[in-house]
Amino acid sequence: MEGGSSQNFVPPSAGFDKSRVLDVRPLRSLMPVFPAASQAPSFPGMPPFGNTPNGFPPFYPFGLPSSYQASPDLNSEMRTPTGPMPAPIRSYRAPTSSGADDFPEDSNGDGYFDPHVGSSSSRKKTTKASSSRKKTKKNGDGDSLTNNGSGVTFVSAMSSFQIEDGNRELVNYVLMNFDALRRRICQIEDNKESKTGVIKRADLKAGGIVMSKKVRTNMRRRVGVIPGVEIGDIFFFRMEMCAVGLHAPSMAGIDYMTGNGDGDKDPVALSIVSSGGYDDEAEASDVLIYSGQGGNSNSKDKDREVADQKLERGNLALQRSLHHGNEVRVIRGVKDDVSSTIKIYVYDGLYKVHESWTERGKAGCNIFKYKLLRVPGQPPAFAVWQAIRKWKDGFSSRAGLVLQDLTSGTEPVPVSLVNEVDNEKALVSFTYFPTLKYTKSFSLMPPSFGCNCRSACQPGDTNCSCIQKNGGDFPYTSNGILVSRKQLLHECGPTCPCTPNCKNRVSQTGVKLRLEVFKTKDRGWGLRSWDSIRAGAFICEYAGEVIDEAKLKQKEDGGENDEYIFDTGRDYESFKWSYEPGLIEESPNDVEDYNIPYRLIISAKNVGNVGRFINHSCSPNVFWQPVVYEHNNQSFVHIAFYAIGHIPPMTELTYDYGSSSSNEAGSNSGPNRKNKCLCGSSKCRGYFG
DNA sequence: GACTTGTCAGGGTG
DNA sequence: CCACCCTGACAAGT
């Protein structure tokens, strides 16, 4: 199927040498700016937040090999090659299916053809006259966030090569920093009592910082695949796509590039953001009708008089791309199902412009229209969203559905049970229970009391003892996103008089996401979500029966293989979820090692919730966090799960089970109780538990 | 350096 | 309580 009509358009700069990227692999050298010093010793300006010798934090979960790819393949096992159910969306494009796991940038520019035809969707054109223009590029605003004047100078941990060309690990690193920063800025703003000097746009603030401080990657602009960005990846802000090089303009919908000097003066389109979302008519997921840009004459905030669009800039680039036949990245903006105010950007892979025409817009002016067709052979992304939408609307039932709601109404949202793999139609029986069962009194903590807030606890309230226990910061943003990891997260509990809608009760309110328990290929049942999950979002707690060490030992000695043990006493590799020190003046003040007052062992074998279905991975997308709150003047620790990064729908959720220190798996094949790990990660330790 | 692009949050209204 | 509209402030790239 090679060699279709399209020539392989390779822009001058796109023919980069992949071996160069390979050479750069020892990522994260600490010396970015000075060439030839890629393996410098610890840089004094870099606060040693991490644990690695070079001071660079082991940023993505657990482990060291620098060649690690962050979501190496949680997907492979979820793949259902056939059938109506779009397979999980996280994987590389790769019509060349060889080694897709390793270097997405390796496969480049194959000729695709044979496009499908379908109906249309279109990008909504919002007409908005932008108003005041202040060109003062001041950075002052008196806040401590953009500190250029004082003390800390940040030196990007990324080498200049890494800034130019990325990979999965770098992309995750950049996104992690962006969002950690953004969350912290939100938190700082929320804390302020006076609403003066409010930073309304934490995303822009965080974006500006990572861009200017060079915590960004894939800065070199290119046609086609962006190394490290996978089809199906989701973004919550335009700046995130800027920072990883997927789509450079911070506002405009069309990214394009004009040939740099090599005689090729034609602009070509690189990527487009379609903000329309789902459109009225039934639409094929591999077709996109896209409107050109411009036409909203808004100069000098004269009331928006619309004008004909001109064949220039992005419009011209799309036109030229039609002739070049080059691949154009498509990002589709979709409305989130859970919070309708939020827009999510889904990277839907590569398309080609097949047709263009002009139309009369509503105001009677000319609008350019472009029809793009998706390059075949790419894993589904937007199609997954469409399928989910149909499941939710009941238009088509979920294939392989075994049970509508395995919680029988215990959770606020149903959790379905799905098997598309084999004939197993039931779970081994257990009792669904949404939280912990302390069967005997654990008076291991001194008695304590909740806060005295009368209504919902307010960020910045210095009198709220629950906030005080969290170090003075409200642990969640106003929309319930965890800001940072805590040694121990203090939530308001039943003892607290504050109202149930207090924002400091996130982990107690049950499952909010539309989850499904599904049969994996080789790892039993697993858990995934129909809804997209953003970084820091609460997923569920680990429910079950609290047992003591004696009971655990009894189980082990009795040869009972309880796969549903959660044990804080295991060894867990540390990982970093915060931003790099120095990006803003204040360094992250939360220690990312847990401090749990007593060893908590939970068995979810007989009693549990959805948490018991989350499988292990050595490269997880979920982390656990101990949460404590009061009940009858006693403190109880719970285990809550949060998303490490943004998680696209239908991606299996996994966390790191840790390893029992009792068994030192000297050679990982020993006859010990450890489980052989099938996570497939390049960082896989080979065993777990 | 001016200009072009629309985004996101917040507040008000229906 | 929500969905929707309006407004203000604004970053990156050409």
Side-chain angles (χ1 to χ4, degrees), chain A residues 123-141 143 146 178 182-183 185-186 189-190 192 195-214 216 218-221 235-261 265-277 290-301 303-304 306-307 309-310 312-318 331 333-345 368 477-479 481 501 534:
Chain A
R123 158 175 171 262
K124 265 200 198 81
K125 217 156 88 64
T126 50
T127 313
K128 189 72 42 167
S130 97
S131 43
S132 67
R133 46 192 59 241
K134 278 201 193 92
K135 277 292 112 169
T136 39
K137 178 96 173 186
K138 51 100 182 192
N139 64 340
D141 40 351
D143 64 67
T146 51
F178 169 85
R182 190 193 62 79
R183 292 189 306 265
I185 293 168
C186 282
E189 291 309 308
D190 288 346
K192 285 185 184 161
K195 292 298 176 189
T196 55
V198 179
I199 301 172
K200 291 180 176 170
R201 294 290 301 272
D203 60 318
L204 292 184
K205 201 69 167 185
I209 292 169
V210 297
M211 297 297 269
S212 63
K213 307 246 171 151
K214 294 282 185 281
R216 57 181 297 186
N218 290 314
M219 200 172 168
R220 191 171 59 67
R221 301 154 59 66
F235 304 87
F236 286 76
F237 297 95
R238 293 287 302 254
M239 292 304 294
E240 292 180 312
M241 296 187 284
C242 294
V244 300
L246 182 61
H247 185 81
S250 58
M251 300 170 98
I254 305 171
D255 191 10
Y256 62 98
M257 187 172 72
T258 313
N260 19 354
K265 284 282 165 52
D266 269 358
V268 287
L270 305 179
S271 57
I272 58 176
V273 176
S274 158
S275 294
Y290 192 78
S291 302
Q293 63 186 186
N296 323 323
S297 156
N298 58 2
S299 55
K300 289 293 172 200
D301 52 339
D303 289 33
R304 45 169 130 89
V306 271
Q309 291 185 347
K310 299 197 187 96
E312 57 183 22
R313 303 173 194 279
N315 298 344
L316 179 62
L318 279 169
I331 299 108
V334 295
K335 273 216 189 109
D336 189 19
D337 280 340
V338 271
S339 61
S340 59
T341 48
I342 284 185
K343 187 189 285 177
I344 300 175
Y345 297 98
F368 286 98
T477 64
S478 55
N479 49 4
I481 301 294
N501 66 343
R534 62 190 292 184

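Throughout, protein chains are lettered first and strands after them, A, B, ... in sequence-line order, and every chain is numbered starting at 1. Treat the numbers as computed from the prediction; the structure is a model and nothing was measured.
Of the residues near DNA chain B, A/Ser478 and A/Pro249, the one whose nearest nucleotide (by heavy atom distance) lies more toward the 5' end is A/Pro249. In this structure, A/Glu312 and A/Thr341 both approach DNA chain B, and ranking their closest nucleotides by distance from the 5' end singles out A/Glu312. Along DNA chain C, the nucleotide closest to A/Leu204 and the one closest to A/Asp255 are compared, and the more 5′ of them pairs with A/Leu204. Both A/Ser340 and A/Ser212 lie near DNA chain C, and the one whose nearest nucleotide falls closer to the 5' end is A/Ser340.
What separates CD of A/Gln293 from C1' of C/dA12 is a distance of 14 Å, to the nearest Å. Atom CZ of A/Arg201 and atom C1' of C/dG8 are 10 Å apart (whole Å). When the P atom of C/dC4 is taken as reference, atom CD1 of A/Ile342 falls 15 Å away, rounded to whole Å. Between the CG atom of A/Leu316 and the P atom of C/dT14 there is a distance of 14 Å, given to the nearest Å. A/Lys205 places its NZ atom 20 Å from the P atom of C/dG8, with the value rounded to the nearest Å. Remark: C1' of C/dT14 and CG of A/Leu270 are 13 Å apart, rounded to the nearest angstrom. For A/Asn218 and C/dA12, the CG to P distance is 17 Å, given to the nearest whole Å. To the nearest angstrom, P of C/dA9 lies 19 Å from CD1 of A/Ile185.
Side-chain atoms of A/Tyr290 never come within 3.5 Å of backbone atoms of A/Phe368 as a donor-acceptor pair (strictly under, hydrogens ignored). A/Glu240 places no side-chain N or O within 3.5 Å of a backbone atom of A/Phe235 that could act as its donor or acceptor partner. Counting only distance, with no hydrogens or angles, the side chain of A/Arg238 and the backbone of A/His247 share no donor-acceptor pair below 3.5 Å. When atom types are taken as modelled, the side chain of A/Asp255 and the backbone of A/Ala248 share a donor-acceptor pair closer than 3.5 angstrom.
Among the protein residues, A/Arg216 comes within range of the sugar-phosphate backbone only, with heavy atoms under 4.0 Å from sugar or phosphate atoms but none that close to a base.
The nucleotide whose nearest atom lies closest to any side-chain atom of A/Tyr256 is, among B/dT5, C/dG13, C/dT14, C/dT14. With distances taken from any side-chain atom of A/Arg221 to the nucleotides C/dT14, C/dA11, C/dA12, the minimum falls on C/dT14. Each of C/dA12, C/dC4, B/dC8 was ranked by its minimum atom distance to the side chain of A/Lys335; first place goes to C/dC4.
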Dump the intermediate steps for side chain to side chain contact (heavy atoms under 4.5 Å, CB included) on A/Val268 and A/Tyr256, then the final yes or no. CA-CA 5 Å; A/Val268 287; A/Tyr256 62 98; over 6 Å; no

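For C/dT14, neither phosphate oxygen OP1 nor OP2 lies less than 4.0 angstrom from any side-chain nitrogen or oxygen of A/Arg313. Within the 4.0 Å cut-off from OP1 or OP2 of B/dC8, at least one side-chain nitrogen or oxygen of A/Tyr345 is found.
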